[in-house]
Amino acid sequence: NTALGVGGNGMGYQGISPSVAVKFDLFDPFPWAPISQTGLYTDGVEPQQQSFDLLPYGIDLTSQNPFQVSMQYDGTTLNVTVIPAPMASF
């Protein structure tokens, strides 16, 4: 058995079952444009389907700013929270 799925847009995950993957996507190769999306994928499905756009919520993953991500799963629902990371003070 191998744990290496389809490369490129498959993110090394596509085709592996059973499996789960969470993606944070910064770039859409078609039409070569920056994006800010996240998604949850199970059982090796193509990770380009059903992404959630973060830009309408003011989250730009291409901003080069750090983000804090929290994930909670209750056996049925995955909740993902993405916020700007707190800045360290000196």
Side-chain angles (χ1 to χ4, degrees):
N1 195 356
T2 180
L4 183 60
V6 177
N9 287 344
M11 301 187 316
Y13 150 80
Q14 183 178 345
I16 299 174
S17 182
S19 61
V20 64
V22 176
K23 84 166 182 175
F24 293 92
D25 202 350
L26 309 176
F27 188 76
D28 185 356
F30 307 102
W32 298 100
I35 59 174
S36 291
Q37 296 180 344
T38 188
L40 174 69
Y41 306 93
T42 59
D43 294 324
V45 300
E46 179 184 1
Q48 303 306 314
Q49 303 174 17
Q50 301 175 356
S51 294
F52 183 80
D53 189 4
L54 298 170
L55 285 174
Y57 301 93
I59 299 171
D60 182 359
L61 298 176
T62 66
S63 69
Q64 298 184 8
N65 295 324
F67 292 92
Q68 180 175 321
V69 177
S70 172
M71 295 185 214
Q72 297 175 327
Y73 182 65
D74 66 7
T76 304
T77 304
L78 175 68
N79 290 304
V80 179
T81 304
V82 182
I83 60 172
M87 301 303 254
S89 59
F90 297 96

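What's counted below: heavy atoms across the whole structure, side chains too, no hydrogens, waters or symmetry copies.
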Indicate if L26 and I83 have the same hydrophobic cluster label, given that clusters are the connected sets of ILVMFWY residues with side-chain heavy-atom separations under 4.5 angstrom. no
Same cluster or not: L54 versus V22, using hydrophobic residues (I, L, V, M, F, W, Y) connected whenever any side-chain heavy atoms lie under 4.5 Å apart? yes
Can you list the steps and then say if F24 with V69 is a side chain to side chain contact (heavy atoms under 4.5 Å, CB included)? CA-CA 10 Å; F24 293 92; V69 177; 3.7 Å; yes
State which residue, out of D25, I59, L61, fulfils the side-chain contact (heavy atoms from CB on, under 4.5 Å) condition with S36. L61
Work out which heavy atom in T62 is nearest to a heavy atom in I35; give both atom names and the distance. CG2-O, 3.7 Å
Which side chain to side chain donor-acceptor pair (under 3.5 Å) pairs, counting each pair once, include a residue from residues 67-80, with sequence neighbours left out? none
Checking T38 side chain against K23 main chain: does a donor-acceptor pair fall under 3.5 Å? yes
Over all heavy atoms of both residues, which pair between S51 and Y41 is shortest? Give the atoms and the distance, please. OG-OH, 3.1 Å
Say whether L78 and F67 are linked into one hydrophobic cluster, either directly or through other cluster members, by side-chain heavy-atom distances under 4.5 angstrom. yes
S19 and G44: which non-hydrogen atoms are nearest, and at how many Å? OG-N, 3.2 Å
Could you see if M71 belongs to whatever hydrophobic cluster contains F52? Use Ile, Leu, Val, Met, Phe, Trp, Tyr and a side-chain cutoff under 4.5 Å. yes
